[in-house]
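One structure below.
Any value given below was found using the heavy atoms of this structure, including those in side chains, with hydrogens, waters and symmetry copies removed. Keep in mind that this is a model prediction, so the values were computed, not measured.
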Amino acid sequence: MTKMFNVNIDTEGLNANEAQEWVNELANVYADMEVADPKISGNKISFKTGLSGMDDTNADDIRMKLDEYIMMHEQFKVNNISVS
């Protein structure tokens with residue numbers, strides 16, 4: 001079973017449809033990443049994510065992937081990211 005982390009992203013300039021596609025595409029870009037329960041509300045994006053097949057995944061691993069993905073897809077301004 002994949003260890004899942006809660007991700008919360010505070011943003012500016014968020015379009016709900018684009019944000020939903022952004023979250024969906026995250027799992028396509030990283031084949032080992034699982035994404036569940038995405039929620040888009042106001043200027044916030046939240047979802048659960050983990051790296052399949054990796055029992056030793058930690059929050060820093062997830063944050064590294066998110067930072068990389070955000071740099072590749074600058075659709076909105078990110079003010080804060082928390083991974084727990």
Report whether M64 and V35 are members of the same hydrophobic cluster (ILVMFWY, side-chain heavy atoms less than 4.5 Å apart, transitive linking).
no
Which value, rounded to the nearest 0.5 Å, describes the distance between E21 atom CD and N15 atom CG?
10.5 Å
Let me confirm one number: the NZ-OG1 distance from K48 to T2, rounded to the nearest 0.5 Å.
13.5 Å
Checking I45 against Q20 for the side chain to side chain contact (heavy atoms under 4.5 Å, CB included) test, could you report, in this order, the C-alpha distance in whole Å, the side-chain angles of both residues, the deciding distance, and whether it holds?
CA-CA 9 Å; I45 301 170; Q20 184 67 48; over 6 Å; no
Find out whether T57 and I62 are in side-chain contact, i.e. whether some heavy atom of one side chain is under 4.5 Å from a heavy atom of the other.
yes
Should I81 and L51 be regarded as members of a common hydrophobic cluster, given that ILVMFWY residues are connected when their side-chain heavy atoms come within less than 4.5 Å of each other, either directly or indirectly?
yes
Dump the intermediate steps for salt bridge (Lys or Arg N to Asp or Glu O under 4.0 Å) on D67 and R63, then the final yes or no.
CA-CA 6 Å; D67 287 342; R63 178 63 192 251; 2.9 Å; yes
Hey, what do you get for OG1 (T49) to CG (D61), rounding to the nearest 0.5 Å?
11.5 Å
For the residue pair N43 and E12, confirm or rule out a side-chain donor-acceptor distance under 3.5 Å.
no
Looking only at atom types and distance, does a side-chain atom of Y69 sit under 3.5 Å from a main-chain N or O of V23, one as donor and one as acceptor?
no
Can you tell me how far the NZ atom of K39 sits from the CG atom of N8, to the nearest 0.5 Å?
10.0 Å
How many angstroms lie between atom CG of L66 and atom CD1 of I9, to the nearest 0.5 angstrom?
5.5 Å
Within the side chain of S52, is there an N or O that forms a donor-acceptor pair under 3.5 Å with the backbone of D32?
yes
For N6 and F47: C-alpha separation, side-chain torsions, deciding distance, then whether side chain to side chain contact (heavy atoms under 4.5 Å, CB included) applies.
CA-CA 6 Å; N6 294 310; F47 54 93; over 6 Å; no
When rounded to the nearest 0.5 angstrom, what is the spacing between NZ in K44 and CG in L14?
11.0 Å
If we ignore angles and hydrogens, is there a donor and acceptor under 3.5 Å between the side chains of E68 and Y30?
yes
I'd like to know whether CE of M71 has more than 12 heavy-atom contacts from other residues, nucleotides or ligands below 6.0 angstrom.
no
